[in-house]
Student: 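Quick one: this structure, given as structure tokens, is what I'll be asking you about.
Order of the sequence lines fixes the chain letters, A, B, ..., with proteins taken first and strands second; residue numbering starts at 1 for each chain. Quick caveat, the model's predicted, so the values are computed rather than measured. Quick note: numbers below take in every heavy atom, side chains included, and nothing from hydrogens, waters or symmetry partners.
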4 protein chains.
Amino acid sequence: MSGTLNKVMLIGHLGDDVKMHYFEGGGCLGRFPIATNESYTNRQTGERVTNTEWHNVVVRNKGAEVCEKYLKKGDKIYVEGRLKTRQWQAEDGNTRYSTEIHVQDFTFLTPKNEHPGGYQGQQQSQPAQSDQQHRQSNQAIPQQPIGQQQDGDDLPF
Amino acid sequence: MSGTLNKVMLIGHLGDDVKMHYFEGGGCLGRFPIATNESYTNRQTGERVTNTEWHNVVVRNKGAEVCEKYLKKGDKIYVEGRLKTRQWQAEDGNTRYSTEIHVQDFTFLTPKNEHPGGYQGQQQSQPAQSDQQHRQSNQAIPQQPIGQQQDGDDLPF
Amino acid sequence: MSGTLNKVMLIGHLGDDVKMHYFEGGGCLGRFPIATNESYTNRQTGERVTNTEWHNVVVRNKGAEVCEKYLKKGDKIYVEGRLKTRQWQAEDGNTRYSTEIHVQDFTFLTPKNEHPGGYQGQQQSQPAQSDQQHRQSNQAIPQQPIGQQQDGDDLPF
Amino acid sequence: MSGTLNKVMLIGHLGDDVKMHYFEGGGCLGRFPIATNESYTNRQTGERVTNTEWHNVVVRNKGAEVCEKYLKKGDKIYVEGRLKTRQWQAEDGNTRYSTEIHVQDFTFLTPKNEHPGGYQGQQQSQPAQSDQQHRQSNQAIPQQPIGQQQDGDDLPF
DNA sequence: TTTT
DNA sequence: TTTT
């Protein structure tokens, strides 16, 4: 089955800090809004228009913890994920919909030059975490090692 | 300004035919739903689960006309565009949101072996339109030539 | 580290069957060429030009086996991966380069209506494999279960 | 025709300044290398490995001029484009290949806090250019207005 | 040749 | 609610 693709890629700024939710089984989930901007010149009026689009980003487990630890309101991030429209019953009995981006991968784009405890970053230094750590790929259980190896098998070619 | 990215890429099947809307100035707009599927095995129960996600696709002007002409319910398509969340006032006074994919580019993935007037397609032949025609790139006024040249200038390098 | 992105997405047709290579440790690797097309109208001459671009695709382990089993020359596929430029010493002593797409994910786009042993596919049915099976995500050791769960944890949100 | 996709998306740092080439007809072209990084832990040895991948980026006309003006070695950029493998005859008579990324869109990711003449940027300020200007979409002739409107038509939907 |  |  399938033969389909559902992919979203965003570069934008966090409109708020990461909000965490913890579950009984040990899982967790982080949510934050990302803003993207679009600018164009109105053909009729000639005036410059800027629109901001807001995206509801959802990240799980290990990835959520990394985001909560290193991201804050205003930071720039690249996120890649899937579109998912949740629905729920509103108090008035109507069905409501909310479209979210469920993150599969992300990378931080805001240089971190200062660290609380830490090694004064030069230039564009990133948090003290590996690519491995903040590249999350659909891992479902946080207790497990992340293990989304990228060609890490040293095959001889 | 900007430094942001807002990109969606989908491969899926049309859940319905293209619905057209025509505007006074000569512009038009087509809407259709696309379904994408996701399958996974539930860890607890071991059962196979398939989820279908529905996406509201919006395409404009020349691109809308091409889609209306060549696409029908059930067809497979690749679309690329931007996420846009519209809001409106519901009858109950509440603000409602609807997230749409505003198409910037698309290509048909359903082989068309039969044509009303025409040339029996070999293998995977596409509709009688060029890549130029169905590659729309943000053109705003349908009367204009589409003209989104792709390296079509024969520069000597 | 990192903060970088290296992503390629292709939809195209196989120019040849999948060529497999097996390694001692149990790993394997499949290679095949994919063609993409680009069309445009030359501005000076007004003539229609079509260019074909060839891409060297490399897929590993479980994914390679799935591709070898279900793909053949002429089939259409979506592949997603990373650009990697290999270099080697040519016989003449010069360094040569070859750029490859190392696959991280793929999905088949050619409808399979007939199967050797098999269940006549309805509509657009795909090979007898799950999304799980042909969605490979960087798994390095084929003996392992693939396990790239996509939200398969039934978290209550 | 077509029904294919040829897309590359990179976030990386410039390994060198933009090299410009000007043509007789008024067109121009800029070239620069982009580095992307990949990190993983070798399974056998447990050691951390970082690989750098180099990409040959080619940007045309107006986009090239914007890049030359605002980008320098070390800057971070997002580029989106198509893979294109050039071939040429080497002196030894052999055919050589070089794979390039032909840019269709880009956005700068290095904050510009200082400007030659200018307004001291706060935080993450970008160059004095609009999204319109550095979003190039296949425009072929630089004398023309760029005009890749993004929904700039104020249609009432 | 970049960056962390 | 971000950023430029």
Student: D/Asp16 side chain: which of E/dT3, E/dT1, F/dT2 is closest?
Tutor: E/dT1
Student: Expressed in angstrom and rounded to an integer, what is the separation of D/His55 atom NE2 from E/dT1 atom P?
Tutor: 17 Å
Student: Going by an N to O cut-off under 4.0 Å, is there a salt bridge joining A/Glu100 and A/Arg86?
Tutor: yes
Student: Starting the side chain at C-beta, find the nucleotide from F/dT2, E/dT2, F/dT1 nearest to D/Thr52.
Tutor: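 The listed nucleotide nearest to D/Thr52's side chain is E/dT2.
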Student: Is D/Trp54 stacked on the base of E/dT2, meaning ring centres closer than 5.5 Å and planes within 30 degrees of each other?
Tutor: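 Answer is no, no stack.
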Student: Is it the case that atom NZ in D/Lys69 sees more than 12 heavy atoms from other parts of the structure closer than 6.0 Å?
Tutor: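 No, not enclosed.
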Student: Please determine whether a side-chain nitrogen of the Lys or Arg among B/Arg82 and A/Glu38 lies less than 4.0 Å from a carboxylate oxygen of the Asp or Glu.
Tutor: yes
Student: Please determine, for the side chain of D/Lys73, which listed nucleotide (F/dT1, E/dT1, F/dT3) has the closest atom?
Tutor: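 For the D/Lys73 side chain, the nearest candidate turns out to be E/dT1.
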Student: Distance from A/Asp17 atom CG to A/Glu68 atom CD, nearest 0.5 Å?
Tutor: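 Going from CG on A/Asp17 over to CD on A/Glu68, the span is 9.0 Å.
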Student: Counting only distance, no hydrogens or angles, is the base of E/dT3 paired donor-acceptor with the side chain of C/Thr4 under 3.5 Å?
Tutor: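 Side chain to base: no pair present.
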Student: Among E/dT3, E/dT1, F/dT3, which nucleotide has an atom closest to any side-chain atom of D/Pro33?
Tutor: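 That would be E/dT1.
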Student: Measure CG/A/Asn56 against C1'/F/dT2 and give the value in whole Å, please.
Tutor: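 After rounding, the gap between these two atoms is 14 Å.
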Student: Give one of base, sugar-phosphate or nothing for D/Thr36, where a contact means two heavy atoms less than 4.0 Å apart.
Tutor: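 Counting heavy atoms under 4.0 Å across all strands, no contact is made by D/Thr36.
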Student: From CG of A/Asp17 over to C1' of F/dT2, roughly how many Å is that when rounded to an integer?
Tutor: 12 Å
Student: Measure from CG on D/Asp75 to C1' on E/dT1 and round the result to the nearest Å.
Tutor: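 Distance check: D/Asp75 CG to E/dT1 C1' gives 14 Å.
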